[in-house]
2 protein chains.
Amino acid sequence: MSELLLDRSRCSVAGTLAVVGEKWTLLVLREAFLGVRRFADFQRILGAPKAVLTDRLAGLVDQGILRRVPYQAEGERQRHEYRLTRKGIDLFPTLVSLMEWGDRYLADGDAPLEIDHRDCGARVHLTLTCDAGHPVDGVRDVTSVRRG
Amino acid sequence: MSELLLDRSRCSVAGTLAVVGEKWTLLVLREAFLGVRRFADFQRILGAPKAVLTDRLAGLVDQGILRRVPYQAEGERQRHEYRLTRKGIDLFPTLVSLMEWGDRYLADGDAPLEIDHRDCGARVHLTLTCDAGHPVDGVRDVTSVRRG
DNA sequence: TGGAGGAGGTTCGTCAAGCGAACTCAGGGT
DNA sequence: ACCCTGAGTTCGCTTGACGAACCTCCTCCA
């Protein structure tokens, strides 16, 4: 039972959830991945309370996951939009993993949204593999080792 | 901008978050993957309020992600423990994705917990690939298609 | 036989977070 | 001069999280 002695306080899962684990945050990011950039669009699509949305967007900008970019459409005044940074883009696998689980267990295997490889058009999915190239089926194929 | 017309209410990300998106839920599952099975161990390690923990465990059992298994250690009365179901085990990639992001951006690339392949000992990673076998680097290599 | 003690909760009062509706403020269009 | 729209802020209410205290079995030990 040595795993029970692990220092959970510096666990990366807890750290990541402290950053993106609040209500609406991951849904904001889902929309960002689908191309949404403006406050009003986030608000209309998600239906989140504006005050909460303001808070989540500010938090994501603080964390460097989104950045505010000023822009000006013709015939409109200057506004700013929210764009994913590299740090934000790297949350894409997390979103995909949530989507794949929901597709399997909540949508009866019927994916409302399909993600395809831009180059070849084939379906994209997440896989666990080891550095030697073997497929890893799940937690039973794995050992966890504390480091430090 | 056709993506903006997608019906987000049946999005699998939102569905999955409705099931595991509350505070503590994914941390409970992290402990379950590390081998924790008993109420008192979850409570002691996580430090979550007991009432919340009771509620989260009951919810996970309701959803079929954990199951309560009665057992009896010698010299002790009968108790029950919480074990992952297949449905729960399939959330492993989600936990791994959160961990990998935290390792990269919060722990300076220094993983507090290392996950290795049981058979060969090599490090285990999540990768995005397409069915044709190409590696997918991120959201820019991808197109999203509504289905239905 | 009668505590003591631990597992697995429940109850309670307080405090933070999320909620919808209303309001604000700046700039552009007419 | 007035209205409209995007991007918020403010406000009162409700829901959820929190820690401390309490409860109920059951077993062990004296």
Side-chain angles (χ1 to χ4, degrees), chain A residues 1 4 8-9 13-14 17-32 35-63 66-83, chain B residues 1 4 8-9 13-14 17-32 35-63 65-84:
Chain A
M1 252 337 171
L4 295 184
R8 259 53 169 218
S9 65
V13 175
L17 288 173
V19 175
V20 300
E22 285 176 302
K23 202 167 181 184
W24 297 110
T25 304
L26 285 165
L27 295 176
V28 167
L29 291 172
R30 176 194 68 187
E31 295 308 318
V36 173
R37 291 185 180 150
R38 285 153 60 160
F39 186 93
D41 289 330
F42 284 112
Q43 210 271 315
R44 178 175 44 80
I45 294 169
L46 294 175
K50 290 171 142 200
V52 175
L53 189 55
T54 301
D55 183 74
R56 291 310 112 89
L57 287 168
L60 288 168
V61 170
D62 275 2
Q63 295 289 334
L66 297 178
R67 61 181 204 278
R68 285 179 114 193
V69 181
Y71 77 102
Q72 188 151 19
E74 54 229 277
E76 287 190 16
R77 64 177 152 149
Q78 176 171 328
R79 305 188 182 286
H80 52 264
E81 56 184 12
Y82 297 90
R83 285 171 168 270
Chain B
M1 254 333 176
L4 294 184
R8 257 57 167 216
S9 65
V13 175
L17 287 173
V19 175
V20 300
E22 285 176 302
K23 202 168 181 185
W24 297 110
T25 304
L26 285 166
L27 295 176
V28 167
L29 290 172
R30 176 194 68 188
E31 295 308 318
V36 173
R37 292 186 178 149
R38 285 152 61 158
F39 187 93
D41 290 329
F42 285 111
Q43 210 271 314
R44 179 176 43 79
I45 294 169
L46 294 174
K50 289 173 142 199
V52 175
L53 189 55
T54 301
D55 183 73
R56 291 308 113 90
L57 288 169
L60 288 168
V61 170
D62 275 1
Q63 295 289 334
I65 292 169
L66 297 178
R67 61 181 202 278
R68 285 179 115 191
V69 180
Y71 77 102
Q72 187 151 20
E74 52 228 279
E76 288 190 14
R77 65 175 152 148
Q78 176 171 327
R79 305 188 182 286
H80 53 263
E81 56 184 13
Y82 297 90
R83 285 172 168 270
L84 287 160

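Residue numbers begin at 1 in each chain, while the letters A, B, ... track the order of the sequences.
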Participant: Mind checking the CG-CZ spacing from B:Leu53 to B:Phe39? Nearest 0.5 Å is all I need.
Facilitator: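 If we round to the nearest 0.5 Å, B:Leu53:CG and B:Phe39:CZ are 4.5 Å apart.
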
Participant: Nearest to the side chain of B:Arg38, heavy atoms from C-beta on, is which of C:dG18, C:dG8, D:dC18?
Facilitator: C:dG8

Participant: Rounding to a whole Å, what distance do you find between A:Asp41:CG and D:dT5:P?
Facilitator: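 A:Asp41 atom CG is separated from D:dT5 atom P by 15 Å.
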
Participant: May I have the distance from B:Leu66 (atom CG) to C:dG8 (atom C1'), rounded to whole angstrom?
Facilitator: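 It is 16 Å, rounded to the nearest whole Å.
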
Participant: Heavy-atom nearest nucleotide on DNA chain C for A:Trp24 versus B:Tyr71: which residue maps closer to 5'?
Facilitator: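 Taking each residue's closest nucleotide, the earlier one in sequence belongs to B:Tyr71.
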
Participant: Heavy atoms from C-beta onward define the side chain here; which of C:dA7, D:dC18, C:dC19 lies closest to that of B:Ala40?
Facilitator: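 Within the option list, the nearest is C:dA7.
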
Participant: Between C:dG20 atom C1' and A:Lys23 atom NZ, what is the distance in whole Å?
Facilitator: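 A:Lys23 atom NZ is separated from C:dG20 atom C1' by 13 Å.
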
Participant: Considering just the side-chain nitrogens and oxygens of B:Arg68, establish if one lies under 4.0 Å of OP1 or OP2 belonging to C:dG9.
Facilitator: yes

Participant: Nearest-Å distance, CG (B:Leu53) to P (C:dT10)?
Facilitator: 11 Å

Participant: Please give, in whole Å, the distance from C:dG6 P to B:Gln43 CD?
Facilitator: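 Result: 14 Å.
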
Participant: From the options D:dA17, D:dG8, C:dA7, select the nucleotide whose nearest atom is closest to the side chain of B:Val52.
Facilitator: D:dA17

Participant: Of A:Pro49 and A:Gln78, whose closest DNA chain C nucleotide lies nearer the 5' terminus?
Facilitator: A:Pro49

Participant: Which atom pair, heavy atoms only, marks the closest approach of A:Phe42 to A:Val36?
Facilitator: CZ-O, 3.5 Å

Participant: Select one nucleotide: of C:dG8, D:dA7, D:dA17, the one nearest the side-chain heavy atoms of B:Arg56.
Facilitator: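 Of all the options, the side chain of B:Arg56 is nearest to D:dA17.
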
Participant: Any idea which of C:dA7, C:dG18, D:dC18 is nearest the B:Arg79 side chain?
Facilitator: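 Side chain of B:Arg79 sits closest to C:dA7.
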
Participant: Using atom CD of B:Glu81 as one end and atom P of C:dG9 as the other, report the distance to the nearest whole Å.
Facilitator: 13 Å

Participant: Quick one: OH on A:Tyr82 to CZ on A:Arg68, what's the gap to the nearest 0.5 Å?
Facilitator: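 A:Tyr82 atom OH to A:Arg68 atom CZ measures 4.0 Å (nearest 0.5 Å).
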
Participant: Report the distance from atom CG of A:Leu46 to atom P of C:dG18, rounded to the nearest whole Å.
Facilitator: 14 Å

Participant: Check the phosphate of C:dG9 against B:Tyr82, side-chain N and O only, distance under 4.0 Å to OP1 or OP2. Yes or no?
Facilitator: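 B:Tyr82 to C:dG9 OP1/OP2: side-chain N or O found under 4.0 Å.
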
Participant: Rounded to the nearest Å, what distance is computed from the CG atom of residue B:Asp55 to the P atom of nucleotide C:dT10?
Facilitator: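 So the two atoms are 10 Å apart, to the nearest Å.
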
Participant: Picking from D:dA17, C:dT11, D:dA21, which would you name as closest to the side chain of B:Lys50?
Facilitator: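 Nearest listed nucleotide: D:dA21.
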
Participant: Taking only the side-chain heavy atoms of B:Thr54 (C-beta and beyond), determine which of C:dG9, D:dA7, D:dA17 contains the nearest atom.
Facilitator: C:dG9

Participant: Under a 3.5 Å distance rule, please check whether A:Gln43 uses its side chain to pair with a backbone N or O of A:Ala48 as donor and acceptor.
Facilitator: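 Side chain of A:Gln43 to backbone of A:Ala48, a donor-acceptor pair under 3.5 Å: yes, one is there.
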
Participant: The side chain of B:His80 is closest to which nucleotide in this list: C:dG9, D:dA17, D:dA7?
Facilitator: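 Selected nucleotide (nearest to the side chain): C:dG9.
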
Participant: So that I can tick it off, tell me whether B:Arg79 and B:Glu81 are bridged by a salt bridge, with the cut-off set at under 4.0 angstrom between side-chain N and carboxylate O.
Facilitator: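 Answer for the salt bridge query: no.
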
